[in-house]
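What follows is a short report on a single structure.
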Amino acid sequence: MKIVLTIGLLIISNIVMTFAWYGSLRKPGQETSPSDWPKLIVMSWGLAFFEYCFLVPGNHIGRSCGLSLAQLKIAQEVITLSVFVPFMLFVMGEHWKWDYLWAFLCVLGAVFFVNREALMSS
């Protein structure tokens, strides 16, 4: 149950952080001016605060149930891609490239290797 809570908190933190980091970007041809950057930085910092409100407890709960730092980090990367790809496609209107799938499969390989010992012993 704690691992499910950990993953849930990490998913929420990633959704918030994706909007903090990339939500202010415009589509090509709609770039913001450098005079807007200070306002965008402050807005992103404000969102990042809420991201940490989910990330920090998620990492502590995950660590308390026995996840290693490597397992937490790899889980975070998979969640990041799982949140970012739909954001990129549906919110920002980017186009899909098959190389994204191959890159994602490489990250899933990392999940396997970081958890291989636990997987093989069960």
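- Ile11 and Leu89 fall within a single hydrophobic cluster, where Ile, Leu, Val, Met, Phe, Trp and Tyr are joined by side-chain heavy atoms under 4.5 Å apart, directly or via other members.
- Here CG of Leu55 is found 9.5 Å from CG of Leu72. Values are rounded to the nearest 0.5 Å.
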- Task: For side chain to side chain contact (heavy atoms under 4.5 Å, CB included), just list the numbers for Lys2 and Ser64, CA-CA rounded to whole Å, side-chain angles, deciding distance to a tenth of an Å, and then say yes or no.
- Result: CA-CA 9 Å; Lys2 283 186 173 183; Ser64 74; 3.8 Å; yes

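- By the criterion of side-chain heavy atoms lying less than 4.5 angstrom apart, applied directly or through intervening Ile, Leu, Val, Met, Phe, Trp or Tyr residues, Phe19 is grouped together with Phe90 in one hydrophobic cluster.
- One hydrophobic cluster holds both Leu108 and Leu67 under the rule that ILVMFWY side chains link at heavy-atom gaps under 4.5 Å.
- Taking every heavy atom of both residues into account, Ala70 and Val114 meet most closely at CB-CG2, 3.3 Å.
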List, one per line, each side-chain donor-acceptor pair under 3.5 Å for residues 76-87, sequence neighbours excluded.
unit_1: Gln76; atom_1: OE1; unit_2: Asn14; atom_2: ND2; d: 3.2
unit_1: Glu77; atom_1: OE2; unit_2: Lys73; atom_2: NZ; d: 2.8
unit_1: Thr80; atom_1: OG1; unit_2: Asn14; atom_2: OD1; d: 2.7
unit_1: Thr80; atom_1: OG1; unit_2: Gln76; atom_2: O; d: 2.7
unit_1: Ser82; atom_1: OG; unit_2: Val78; atom_2: O; d: 2.9

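- Separation of atoms CG (Leu101) and CH2 (Trp96) is listed at 5.5 Å; rounding is to 0.5 Å.
- In this structure the side chain of Met17 never reaches within 4.5 angstrom of the side chain of Tyr52, judged on heavy atoms.
- Cluster annotation: Val107 is not connected to Leu69 through the hydrophobic network of ILVMFWY side chains, with a link wherever side-chain heavy atoms come within less than 4.5 Å.
- Around the CH2 atom of Trp45, the shell of radius 6.0 Å holds no more than 12 heavy atoms that belong to other residues, nucleotides or ligands.
- The local environment of CZ in Phe104 is crowded, with over 12 non-hydrogen atoms from other residues, nucleotides or ligands closer than 6.0 Å.
- Proximity of Gln71 to Val111: side-chain heavy atoms (C-beta onward) are nowhere separated by under 4.5 Å.
- A donor-acceptor pair under 3.5 Å links the side-chain atoms of Ser44 to the main chain of Ala20, judged by distance alone.
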- Could you check Leu25 against Met92 for side chain to side chain contact (heavy atoms under 4.5 Å, CB included), going step by step and ending with a plain yes or no? CA-CA 8 Å; Leu25 296 177; Met92 299 302 289; 3.9 Å; yes

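- Residues Asn59 and Leu9 fail the side-chain proximity criterion, which asks for heavy atoms closer than 4.5 Å.
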